[in-house]
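Sequence lines set the chain letters: A, B, ... in the order given, protein chains first and strands last, and positions in each chain run from 1. Just so it is clear, the model here is predicted, and its values are computed rather than measured. Worth knowing before you read on, the calculation uses all heavy atoms, side chains too, and leaves out hydrogens, waters and symmetry mates.
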There are 2 protein chains.
Amino acid sequence: MFLLSTILYDKNHVLQNNILTTLRHVLSNITMAKNEKHSVKLRIWFYSGENKVLGKGRIELLERIKETGSISSAAKGMKMSYRQAWQMVEEMNEFSKLPLVEKQLGGKSGGGTKVTEAGERAIIAFHTLENKVNAFTVKEAEKLKF
Amino acid sequence: MFLLSTILYDKNHVLQNNILTTLRHVLSNITMAKNEKHSVKLRIWFYSGENKVLGKGRIELLERIKETGSISSAAKGMKMSYRQAWQMVEEMNEFSKLPLVEKQLGGKSGGGTKVTEAGERAIIAFHTLENKVNAFTVKEAEKLKF
DNA sequence: AGACGCTATTCATTATAAAGCATAACGATT
DNA sequence: AATCGTTATGCTTTATAATGAATAGCGTCT
């Protein structure tokens with residue numbers, strides 16, 4: 001059946017897709033993906049009204065800003081464009097009650113960005129909540145066999 | 001102000017973005033977004049190994065399939081393309097231990113799709129877990145003032 | 001005053017995701 | 001065997017997100 005379809009489509013290079021799709025199906029049966037362990041994943045975000053303030057990615061960005069002292073090098077470390085990193089920082093700062101970073105434009109070595117006290121507390125709070133919720137979720141998920 | 005921007009923007013489209021951005025900044029100050037209530041949002045997913053099985057969207061799709069009896073009309077109801085809905089169903093079924101839906105190709109009124117027992121249990125399990133985790137998160141988040 | 005390198009901003013390009021379209025295959029029912 | 005509306009599939013187009021490049025502006029420090 002799979003061979004048949006391969007032959008039939010031999011004209012155009014739709015072929016490759018078919019083979020890949022077919023292969024994936026075959027492999028998924030061989031490796032028995034159905035028997036892999038089921039798990040629950042979750043993500044949390046801090047919001048202000050309808051505006052996202054912090055999520056996993058932004059927290060990592062904050063942490064790297066704290067380490068490196070600049071948005072620019074934090075972005076580089078995350079292999080993210082400076083533009084996006086800057087926008088993230090802009091947004092989290094705009095919607096957080098207290099500023100999470102303080103940016104310096106110009107000055108020694110061109111300026112830089114540092115994480116405020118509020119920013120550090122936010123990092124800790126995020127990790128704390130994430131860990132608690134994760135643990136709770138795992139515990140509850142085990143009760144739910146279906 | 002809205003009128004002004006409308007007039008200005010008429011030449012090129014870029015203008016609109018600038019004005020909107022500006023407007024958003026102005027409005028965000030006026031409405032004092034910083035003082036909006038902070039909250040935590042979360043999302044959960046069921047996984048099999050590294051493969052997503054179910055999330056909020058797929059659960060809704062399942063529910064609509066249950067109601068309507070077909071992927072096609074479920075998709076329509078969610079304003080989602082049939083193609084995507086079909087792919088979602090394909091994937092959730094492939095990676096779930098037990099099939100969540102049974103599809104019939106051809107037959108009475110062209111065929112259809114119905115949710116299996118396992119599918120129904122998954123729907124309930126998902127909502128149950130989501131509710132519990134949500135409640136827990138809200139409770140824990142209130143302890144964390146930062 | 002000049003250098004440094006970071007923030008700030010725009011614009012064009014590329015990558016990724018979703019939608020839309022067209023059509024074949026299907027099989028119970030009539 | 002003709003009908004029906006659905007599943008199944010590939011291809012094209014559109015929409016959205018992210019990247020990349022290019023450059024202005026800044027302010028401390030030497």
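- Between K108(A) and dC4(C) there is no side-chain polar atom (N or O) within less than 4.0 angstrom of OP1 or OP2.
- Distance, M88(B) CE to dA8(D) P: 16 Å, rounded to whole Å.
- Residues in residues 50-73 of chain B take part in no ring pair (Phe, Tyr, Trp, His ring centres under 6.0 Å) pair, two or more places apart or across chains.
- Between the CD1 atom of I65(A) and the P atom of dT7(C) there is a distance of 8 Å, given to the nearest Å.
- As a whole-Å value, the separation of E91(A) CD from dT7(C) P is 18 Å.
- Looking at heavy-atom distances under 4.0 Å, T113(A) makes contact with sugar-phosphate atoms alone, never a base.
- Between dA8(D) and W86(B), a contact under 4.0 Å exists linking OP1 or OP2 to a side-chain N or O.
- In this structure, Q84(B) reaches the dA19(C) phosphate: one of its side-chain N or O atoms is under 4.0 Å from OP1 or OP2.
- The distance between atom CE of M80(A) and atom C1' of dA17(D), rounded to the nearest whole Å, is 13 Å.
- Pairs passing the salt bridge (charged side-chain N to carboxylate O under 4.0 Å, His left out) check and including a residue from residues 66-82 of chain A, sequence neighbours excluded, read K66(A)-E120(A).
- Contact annotation: the side chain of T137(A) never approaches that of F136(B) to less than 4.5 Å [non-hydrogen atoms, C-beta and beyond].
- The OH atom of Y82(B) sits 16 Å away from the P atom of dG20(C) (whole-angstrom rounding).
- In this structure, K41(B) is positioned above the aromatic face of Y47(A), its NZ or CZ under 6.0 Å from the six-membered ring centre and within 45° of the axis.
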